[in-house]
Structures are given as structure tokens and as C-alpha cells.
Amino acid sequence: MQDRYDALSVEREAQEFWESRGSFRVPEDPARPKFYCLSMFPYPSGKLHMGHVRNYTIGDVLTRHYRMRGMNVLQPMGWDAFGLPAENAAMANKVPPAKWTWDNIAYMKSQLKSLGFALDWSRELATCRPDYYTWNQWFFTRLFRKGLAYKKTGIVNWDPVDQTVLANEQVIDGRGWRTGAQVEKREIPMYFLRITAYADELLAALDELPGWPEQVKLMQKNWIGRSDGVRVGFEYELEGERRVLWVFTTRADTLMGATFCAVAAEHPIAAWAAQRDPQIREFVEECRRGAVMEADLAQLEKKGMPTGLYCTHPLSGERIPVWVANYVLMGYGEGAVMAVPAHDERDYAFALKYGLPVKPVIRHPLGDDVPEPWRAQYAEYGTCINSGKYDGLDYQAAVDAIAADLKAKNLGEKQVQWRLRDWGISRQRYWGCPIPIVHCPGCGDVPVKDEDLPVLLPEDLVPDGTGNPLNKLPAFLDTRCPACGKPARRETDTMDTFVDSSWYFARFASPGSDAAMIDARARYWMPVDQYIGGIEHAILHLLYSRFFTRVMRDEGMLEVSEPFTNLLTQGMVLAETYYRDTPQGRREWVNPSEVEVGRDAKGKIVSAKRRTDGAQVVFAGVGTMSKSKNNGVDPQALIEKYGADTARFFIIFASPPTNTLEWSDEGVEGSYRFLKRLWAYGAKFDTAARGAGEPALERSVRFELHSVLRQANYDLTKHQFNTVASAAMKILNSLEKLPGRTPAAEQGLSILLRLLSPITPHICHHLWRALGFGEDVMQAAWPEPDPAALEQDEIEFVVQVNGKTRGTVRVPASADEETTASLAITAMSKFVGDRQVRKTIVVPRRLVNIVV
RNA sequence: GCGAAGGUGGCGGAAUUGGUAGACGCACUGGAUUUAGGUUCCAGCGCGGAAACGCUUGUGGGUUCGAGUCCCACCCUUCGCACCA
């Protein structure tokens with residue numbers, strides 16, 4: 001063995017070993033327990049970023065660990081290859097998105113290989129390949145025929161200059177990102193998937209996902225948002241005709257306190273009022289143009305205008321005004337609310353502002369009245385007051401009685417309202433999966449026949465930012481109707497890329513299947529046992545995948561309902577940010593790798609300057625790695641300088657997987673130092689003479705070794721990998737106390753290499769072979785602690801007096817509680833003095849507390 | 001505004017789930033090796049104190065023999081959002 005740790009050659013050699021043996025290709029093997037370990041596949045944006053490296057390192061640690069525990073572990077990789085950035089790059093470089101995408105894939109694949117991940121590349125897929133997206137299209141036609149896909153209008157952001165639809169992220173402060181033009185809202189026909197048909201099931205099944213973080217389940221629950229309430233009708237007259245304004249409320253018990261109704265700006269009543277009154281028209285226009293983001297809207301001042309229309313309270317018969325208000329949303333419920341100012345904070349603020357009546361109808365903890373300012377107690381459930389026949393009823397009784405009375409009048413009933421909306425999948429973009437529909441003047445919208453799939457996406461177009469280039473391509477547009485055969489026009493919208501990623505996990509289990517979307521092999525592998533990815537996908541991607549899995553189940557393609565048994569949401573990768581203000585008054589962000597910090601004698605940062613020119617820079621805290629703050633760290637540079645094992649070790653060691661990870665160059669150096677020490681220990685071990693060792697030292701090292709191993713194995717079950725890395729360091733520290741190649745050293749190094757191999761597979765692979773432990777550490781059994789090594793003759797107890805720790809005492813392992821207590825009292829005589837011992841508490845193997 | 005997560009040394013983080021707070025590492029300090037820098041090795045390192053000892057897990061209360069961990073109130077930070085009636 002050479003003395004110097006040459007990470008790159010060690011890693012190249014290990015990777016060649018795995019490659020030549022096909023070590024990571026996994027067949028379906030019913031004889032062994034399967035484990036499907038999946039990390040979210042990357043978008044091929046150009047090169048790997050640190051978040052990818054973290055994600056795949058976590059997945060690889062799990063994969064290699066379970067492999068060594070004898071499981072048949074599948075870890076595949078592919079490419080989420082359709083999407084907007086490819087179109088942007090295409091415009092910038094005048095290259096078709098396909099070429100840009102494939103170049104990126106080739107480069108990123110080489111990066112993944114250099115990191116040594118145990119990936120089964122024989123299953124690689126890319127969603128932009130026809131053999132993948134043909135099944136998107138096939139599945140869509142199934143949904144279309146079942147009525148689970150349908151067409152209706154949806155609202156989009158429209159850029160009037162470029163004449164194109166913009167994604168939310170392309171709208172900056174209400175303006176198009178390329179043109180700077182004021183963005184308009186536009187209604188256009190789109191295809192929707194009826195995810196709401198599964199709302200009930202998607203909600204209920206969350207309770208049967210013990211392997212998901214509570215946080216994510218709660219977010220999904222709130223997103224699906226089941227509300228049990230009452231639909232209430234307020235009658236009104238318009239142009240001599242009797243009509244009903246419907247509202248939905250979860251607080252029907254407060255109906256007697258409703259003093260006005262409010263409708264959204266897009267509501268038909270608002271449109272009617274806008275026609276009559278220019279001021280209302282102005283207000284409605286303002287609402288339509290205004291903020292799109294909920295957080296902004298929430299901060300908006302509550303504004304409204306009376307429509308001039310009055311409606312009738314369904315129970316009291318009172319005449320109450322209808323307002324149009326900016327805090328009512330068209331997209332939820334009926335687009336209209338009944339306002340109960342006394343018991344709803346927003347209604348309260350609105351009523352005070354416009355002098356509308358406030359009528360308390362619920363007894364709350366602060367009394368019967370609702371004086372200013374607003375208090376949270378006003379909204380609590382309580383007994384009805386000022387409510388006529390409903391006085392004295394509690395929440396549930398009042399809701400029941402009021403719902404019954406409304407029903408009798410045909411002006412309402414109990415209703416379940418979902419927050420979840422159907423999923424609009426039409427995108428007016430080129431680089432995506434074409435929606436397989438043909439528009440026929442005679443037959444309407446007709447799905448493409450199975451035998452004519454896929455509808456191929458032309459790959460040589462370069463978009464110019466003014467809409468979908470497919471619209472200008474007769475060869476694509478002109479076709480014949482699948483039903484009647486007459487000339488017809490092809491749909492040019494493509495699918496939301498979330499469609500691609502809603503079933504890829506099942507396709508990995510059926511590589512190359514060209515007769516079916518997924519085949520019988522998927523039944524062996526599904527569900528995914530462990531899914532790993534960023535918290536930013538906690539809602540949409542995971543919910544869509546759960547929806548697709550259910551539809552696939554109902555189509556007889558899968559037997560499972562849930563795609564992901566266990567979910568690990570990794571934290572983000574952060575780095576320090578530094579800036580300096582330029583003479584021109586601009587803020588210039590300086591990459592942390594260019595910054596040198598000065599510290600005081602205690603290690604506190606007191607100054608920072610740029611290495612190149614010595615300019616003073618300001619430390620602006622840590623933040624997510626981003627282009628705008630120029631604080632990204634390129635994984636490639638790291639791999640080239642230190643090797644993949646150092647990068648992997650640092651990522652695992654620096655914080656537990658679900659926490660944020662703070663990047664630190666010094667921390668990387670520390671990880672590199674540890675691997676160099678491990679290598680040096682291996683080299684010394686290689687040449688050391690075998691010897692028996694000193695018995696007491698051997699015994700104490702073996703005790704340390706096996707206690708650390710026991711803890712590490714426990715930590716692995718919790719996925720707390722950072723302390724497993726610590727355990728490896730502790731083991732090396734213990735081994736370095738031994739004089740040479742003693743039995744404890746042999747055993748310790750064998751444990752260390754196996755324990756560490758999922759984290760730093762290359763160096764462990766090399767040392768395992770070079771030091772004669774075996775041919776392939778991955779084939780070795782996972783280490784388990786030896787109970788004999790954990791036995792002790794004496795146990796050290798912590799001794800407290802009145803709960804204050806005062807020292808320790810060694811007690812024979814065989815001693816009973818009484819003996820232990822008296823030994824402790826003797827040892828602590830200095831602290832006990834002549835005071836009376838009232839009580840002793842003995843915690844077995846741990847602690848004695850003497851109460852005096 | 002609503003929803004979620006979280007506050008432990010100079011820093012990242014540990015704490016066997018109510019039992020020695022600060023494992024492991026980084027940074028820092030001193031020393032050895034080196035022509036020097038780097039590397040490597042040894043020692044120290046929560047705060048105060050010469051020491052005995054005292055104080056210490058965002059703040060203030062509480063439960064307990066014992067609280068970072070459980071309960072109550074408050075303060076702060078981060079993340080998500082489609083004002084969800």
C-alpha cells in the first residue's frame with residue numbers, strides 16, 4: 001500500500017471494479033426481500049448542484065446499507081427532461097432544446113458516475129424520449145375516455161407584447177419578464193385532470209402513511225382542505241327575475257348575525273354592477289389587475305364597494321346589501337360569502353371601515369358584546385344569542401337546526417367543500433409532451449388512437465419567445481380526424497411536466513417495456529420503500545404521484561394505492577453570503593470561496609475581505625445557495641480537489657439529513673483530514689507485526705468499539721447519518737490508541753470499514769481489499785455489536801446529591817440497588833456531611849440521586 | 001393574514017427519549033516537527049473565578065428527587081401559501 005492517500009486513483013479504480021462486475025444491476029429476485037430506494041430525479045439544468053449531491057448521497061447511504069443487510073436494493077436514476085429552462089437556453093443560444101438537454105444529460109451523468117453512486121443505469125430514462133412520453137399520451141387518452149380528463153377554461157398570465165402565456169415565475173411584479181409589459185389575466189380552454197374525484201381518498205389515506213413526516217402530511221391535509229359546512233341561498237331580484245346568491249360557510253351557527261354579503265370581483269353580480277356604475281367597473285378592473293400571490297393579497301387593505309343590490313336573509317327575511325370585496329376569492333366555494341362582522345376578523349375590519357352593522361350572535365369567553373379592537377375570542381364557538389328560536393343552542397345543534405330550516409325552504413343544505421382544485425395540465429409551450437387530441441370541425445375533440453401514438457414532438461425547433469412554435473408548423477398541425485378521417489387540426493399544447501414525474505417511479509421498475517406503460521415487474525418493486533427529495537415538493541409532486549398511483553391501480557396496472565412508503569425530506573444547502581457596495585452604489589455579491597475572514601482570539605469572525613483585491617466585504621448571514629447571492633459552491637471543483645469520498649463524508653457529517661446543511665470549506669478540510677488519517681492508519685496496519693496486545697487495553701478498546709457500533713446501528717434506524725459518521729471517527733480515535741495489529745485492531749478496522757463504506761465507499765473498498773479483509777466490502781455482512789464485548793465487571797454511576805451532580809462511583813456489576821446506594825453515600829460523604837439521607841433514587845446502570 | 005418547523009459554546013451539531021449538557025468535528029490558543037508556508041503530531045478549549053465553587057440549553061413561570069427534553073405564557077428566526085369563509 002502506498003503511504004499517500006490519492007483519492008482520485010482510488011476512486012477511479014473502485015468505480016471500474018463496480019462497473020466491470022455490474023455490481024449495481026439488480027434483477028427481480030423473489031427469494032430476497034426487496035428494497036426500492038429512490039431519490040427525486042434531476043432536471044438536466046447543466047451541471048449538478050450541491051442539493052443534488054446531498055440528495056443522492058443520502059439515497060446512496062441508504063442503498064448501500066440495506067444491500068449489506070442482505071436486501072435486494074434498487075436505486076435507479078433518470079432525467080426530468082422537459083421544461084421551461086431548455087426553451088430559455090434555446091432562445092439564448094439559438095440551439096434546439098433537445099440538443100441542450102441531451103448535452104446536459106451527458107455531462108451530469110458523468111458527474112453522477114464520478115460520485116460513485118450505486119445506481120442501476122440499465123434502467124435510465126428521460127421523460128423527453130418518445131418511448132417514455134408515449135405512455136403519458138396513452139394514459140391521458142384513458143383518462144379522457146373515463147372523464148377523468150376534461151376541458152374547461154382556466155385563467156392564465158398573458159403577455160400582450162409577446163402574445164404568449166407566462167408561467168408564474170415569468171411574471172415579475174405584475175410584468176412579463178422579457179417584455180416588461182403589464183401582464184393580463186386571460187381565460188383560455190385547457191385540459192384538466194379530475195384529481196378532486198380522489199380528494200376523499202387522498203385525504204383519508206394520509207393516516208395510513210406512518211413513514212411520512214407529520215409536517216408533510218399536515219401540509220397535504222391543509223392543501224386538500226376538506227371543510228364541512230352549509231350552502232346558504234340569499235334570494236334577490238334582478239331585472240324582475242327571482243335569483244339566488246349562493247354562499248358557503250363553515251359557521252352556519254352565525255347566520256343570524258350576517259349583515260351583508262360580499263362577492264368576488266369576477267362574480268356575475270360584480271360584472272352586472274360594473275356595467276351600471278363606472279366606479280364599480282374601475283374597482284373590479286383594479287382587483288383583476290392586482291396582486292396574484294396570496295401572501296401579498298393577505299396584506300392588502302380590505303376594500304370593497306356596494307353593488308346597489310340587496311338580497312333577503314333566508315331565515316330572518318331582512319334586507320341586506322351585497323358588496324363586491326377584494327378579499328373574496330372566485331376560485332373557492334361559490335365566489336361569494338356571507339359576512340358576519342361580529343365573529344369573523346376580516347368581516348369585522350370591513351364592516352368598521354364601511355360603517356356596516358355588527359350584530360353579535362354568539363356568546364364568547366369575553367361576553368356577549370364585541371367592542372373594538374378585534375379579539376380572537378370573538379371567533380370562538382359558543383352558545384347562540386340574539387338568534388330568535390336558535391338561542392341557547394351550541395355550535396353543532398345550531399348548525400343542524402339552521403341547515404334543516406334552510407333545506408325546508410329550499411335555500412340551503414349541508415355541504416362538503418374542498419380546497420383542492422382540479423389539475424390544469426395544458427401548457428402553451430413547445431418543449432413538453434404533446435397532448436394527444438385532434439380538433440375536428442365535425443367530431444369535436446377526439447383522442448388520438450393507440451396505434452397512432454406517440455404524437456411525436458419535432459425536436460429541431462428553436463422557440464423565439466412569442467408563443468409555441470408548434471402553432472407555426474403545418475406538418476405538425478395538419479392531420480386527419482381519428483373518428484371521421486376528415487382534415488383536422490392537432491392540439492399544440494403540451495403537458496405540465498408534473499405529469500411526467502407522476503409515474504416515473506413505476507417506469508423504473510419496467511425498463512424497456514414497449515408493450516405496456518408498466519409491466520409485471522413493477523408489482524415486484526412497487527411501492528417505493530424509501531423516497532428522498534426536497535421539502536419544496538411536499539405538496540404538488542407528491543400529491544400528483546399519489547393521485548396517478550391510484551388511477552393506475554384502478555386501471556389494473558398496480559396493486560398498491562400509495563407510491564411511497566417512507567419519505568425523507570432533505571434540508572436545503574446553505575452558504576455564507578458576503579457583499580460589498582460598489583462606488584456606483586450597487587451591491588456586489590462576493591462568492592464565499594473568494595473571502596478570507598479574520599477572527600479574534602476566541603474564534604469569532606471580526607472582519608472579512610476579498611482575497612483577490614483585499615476589498616472589505618460585509619458578512620450578510622447564511623442563505624440558500626443561489627445565483628442572485630453568488631454563494632453557490634460547485635460540486636465539481638470539490639470532487640476534483642478532494643475526491644468524491646470527502647464530499648460525501650462532509651455532506652453526511654455536517655448535519656442530519658432533514659436539517660439545513662451549512663456549507664463550510666473548513667469542514668470539508670476536516671473531512672479530508674479524517675480520510676487521510678484513515679488511510680495512514682491502514683498503511684501502518686498493513687506493515688505492522690501481528691501481536692497479542694495488552695489485555696486490559698484490548699478489553700477497553702473492544703468495549704468502546706462495540707458500544708459505539710451499537711449506537712451507530714441505532715442511529716441508522718433513525719436515518720441520523722451524521723452521528724454514524726461521528727461513530728466512524730470515534731472508532732478510528734480508539735484504534736489509534738492500540739500499539740499495532742492486535743486482535744482488537746483487526747476487529748475494529750473490519751467494523752470501521754464496513755460501517756463507513758455506505759458513506760465513503762471508494763476508500764473503504766480499497767482498504768478492505770488491500771488489507772486482506774475480503775474481495776468486496778459491499779458483499780460483507782453488516783457489523784453487529786458483540787454482547788460479550790459489552791459486558792463490564794464494574795459500572796460507573798453518576799452520583800447526585802439533591803439533584804446536583806457531585807461525582808461518580810464505580811460499583812460491581814452484580815451489586816443490587818441497596819449496595820449501590822450505600823456505596824454512593826460513602827463516596828459522597830463530603831457532600832452529605834452529617835445530614836439525614838431522606839431517600840435515594842437509583843437508575844439502573846446510570847445514576848444515583850441522594851436526597852438529604 | 002393563515003399554515004408549518006425551529007431557538008443548545010465563536011460555528012455545525014450530540015445528548016441511549018425525564019438521568020453527568022456540550023459527544024464528534026470546525027475555528028481558536030500553546031507546544032513539537034519544518035529554512036518558511038502548508039502538512040502532520042501533542043495539549044488546552046462553555047462562561048465567571050487563582051482555587052474551592054458558582055452559573056449555563058431564547059425569556060419568565062410550573063410539575064419532578066432530577067428538565068435541553070413535559071406543561072403554561074411570552075419573545076425571536078426560518079420556510080410555505082391558492083385571503084379557503
Side-chain angles (χ1 to χ4, degrees), chain A residues 213-216 218-219 221-223 225 227 229 247-251 254 262 264 291-300 302 325-329 331-334 336-340 344-347 349 417-421 535-536 538-539 571-572 574 597 599-606 622-624 650 653-656 658-671 673-674 676-677 680 707-708 710-711 714-715 720 722-723 725-730 733 796-808 838-841 843 845-852:
Chain A
E214 287 304 320
Q215 179 196 3
V216 173
L218 200 55
M219 283 198 261
K221 194 177 166 186
N222 291 338
W223 190 265
S227 292
V247 307
F248 174 78
T249 179
T250 53
R251 290 301 303 271
T254 65
V292 253
M293 309 255 278
E294 183 187 328
D296 299 339
L297 284 164
Q299 254 78 263
L300 274 185
K302 316 246 168 305
N326 65 354
Y327 69 94
V328 181
L329 290 182
Y332 183 75
E334 306 283 348
V337 298
M338 67 175 204
V340 185
D344 180 280
E345 187 173 0
R346 285 164 310 178
D347 298 345
Q417 186 70 48
W418 301 91
R419 186 178 172 280
L420 183 68
R421 304 201 289 249
I535 186 79
E536 68 272 19
I539 297 178
M572 289 187 293
L574 313 179
V597 295
R599 294 172 191 272
D600 66 13
K602 290 192 170 169
K604 223 177 198 164
I605 297 178
V606 289
V622 289
T624 53
F650 171 73
F653 177 62
S655 69
T658 53
N659 276 27
T660 54
L661 168 74
E662 207 173 299
W663 195 262
S664 145
D665 288 334
E666 293 86 356
V668 174
E669 286 283 352
S671 300
R673 201 173 301 148
F674 167 67
K676 281 193 291 190
R677 257 177 65 210
S707 356
V708 169
R710 185 177 54 182
Q711 182 65 39
Y714 173 73
D715 291 347
Q720 187 174 290
N722 56 326
T723 49
S726 298
M729 290 174 142
K730 286 181 193 172
N733 290 345
E796 192 175 61
F797 279 75
V798 171
V799 187
Q800 301 181 329
V801 179
N802 284 349
K804 261 195 163 53
T805 301
R806 293 298 185 182
T808 58
R838 291 225 322 263
K839 185 169 155 190
T840 53
I841 291 131
V843 181
R845 306 185 67 85
R846 216 169 261 289
L847 171 142
V848 182
N849 189 8
I850 302 162
V851 186
V852 298

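Reminder, nothing fancy here: chain letters follow the sequence lines and each chain counts from 1. The structure presented is a predicted model; accordingly, all values stated were derived computationally and were not measured.
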- Residue whose closest nucleotide on RNA chain B lies nearer the 5' end, A/Ala725 versus A/Thr660: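 Upstream on the strand: A/Thr660.
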Of the listed nucleotides ([options]), which one gets closest to any side-chain atom of [X]?
| X | options | value |
| --- | --- | --- |
| A/Thr723 | B/U20, B/C24, B/A23 | B/A23 |
| A/Asp344 | B/A85, B/G13, B/G25 | B/A85 |
| A/Asn326 | B/U17, B/C83, B/C26 | B/C83 |
| A/Lys730 | B/G54, B/A85, B/A23 | B/A23 |
| A/Leu329 | B/G25, B/C26, B/C83 | B/C83 |
| A/Lys676 | B/U39, B/G25, B/C55 | B/U39 |

Heavy atoms, side chains only, cut-off 4.5 Å: are [X] and [Y] in contact?
| X | Y | result |
| --- | --- | --- |
| A/Thr660 | A/Glu662 | no |
| A/Tyr327 | A/Asp347 | yes |
| A/Val851 | A/Thr840 | no |
| A/Leu847 | A/Gln800 | yes |

When rounded to the nearest Å, what value does the distance between [atom1] atoms of [N] and [M] take?
| N | M | atom1 | answer |
| --- | --- | --- | --- |
| B/G44 | B/U69 | P | 31 Å |
| B/G66 | B/G1 | P | 40 Å |
| B/G13 | B/C79 | P | 15 Å |
| B/A82 | B/C24 | C1' | 45 Å |
| B/G12 | B/A52 | C1' | 35 Å |
| B/A21 | B/U56 | C1' | 9 Å |

- Message: Whether the A/Arg677 and A/Asn733 side chains hold a donor-acceptor pair (N or O, under 3.5 Å, no angle test) is what I'd like checked.
- Response: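 On atom types as modelled, these side chains qualify, holding a pair under 3.5 Å.
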How many whole angstroms separate atom [atom1] of [X] from atom [atom2] of [N]?
| X | N | atom1 | atom2 | result |
| --- | --- | --- | --- | --- |
| A/Glu334 | B/A85 | CD | P | 14 Å |
| A/Arg677 | B/U40 | CZ | P | 10 Å |
| A/Gln720 | B/U16 | CD | C1' | 11 Å |
| A/Glu662 | B/A27 | CD | C1' | 13 Å |

- Query: What about A/Arg806: does its side chain form a donor-acceptor pair under 3.5 Å with the base of B/U20?
  - Reply: no
- Message: Donor-acceptor pair, distance only, cut-off 3.5 Å: does the side chain of A/Asn849 make one with the backbone of A/Gly803?
- Response: yes
Output yes when at least one side-chain N/O atom of [X] is less than 4.0 Å from OP1 or OP2 of [N], else no.
| X | N | result |
| --- | --- | --- |
| A/Arg673 | B/C26 | yes |
| A/Asn722 | B/A14 | yes |
| A/Thr805 | B/A21 | yes |

- Task: Map every base of RNA chain B to its dot-bracket character, where paired means a Watson-Crick or G-U wobble contact with both distances under 3.5 Å and | marks a partner outside the strand.
- Result: (((((((..(((......[....))).(((((.......))))).(((....)))..(((((..]....))))))))))))....
Assign [X] to base, sugar-phosphate, or nothing according to its heavy-atom contacts below 4.0 angstrom with the strands shown.
| X | result |
| --- | --- |
| A/Thr840 | nothing |
| A/Glu669 | nothing |
| A/Asp347 | nothing |
| A/Arg845 | nothing |
| A/Ser227 | sugar-phosphate |

- Could you tell me whether B/G9 is syn or anti, where syn means a glycosidic angle within 90 degrees of zero? syn
- Item | Glycosidic class, syn or anti, of B/U17 using a 90° window around 0 |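 In terms of base orientation relative to the sugar, B/U17 is syn.
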Between protein and nucleic acid, restricted to nucleotides 62-65 of chain B and to nitrogen or oxygen atoms under 3.5 Å apart, what atom pairs and distances do you find?
residue : atom : partner  : partner atom : Å
B/C65   : O2'  : A/Asn849 : ND2          : 3.3
B/C65   : O2   : A/Asn849 : ND2          : 2.4

I'd like a table of atom pairs between the protein and nucleotides 3-8 of chain B - only N or O on both sides, under 3.5 Å - with the distance next to each one.
residue : atom : partner  : partner atom : Å
B/G3    : O2'  : A/Asn222 : ND2          : 3.0

Least distance between heavy atoms, [X] atom then [Y] atom:
| X | Y | value |
| --- | --- | --- |
| A/Arg419 | A/Trp223 | NH1-O, 3.1 Å |
| A/Ala262 | A/Val328 | CB-CG2, 3.9 Å |
| A/Val668 | A/Trp663 | CG2-CZ2, 3.6 Å |

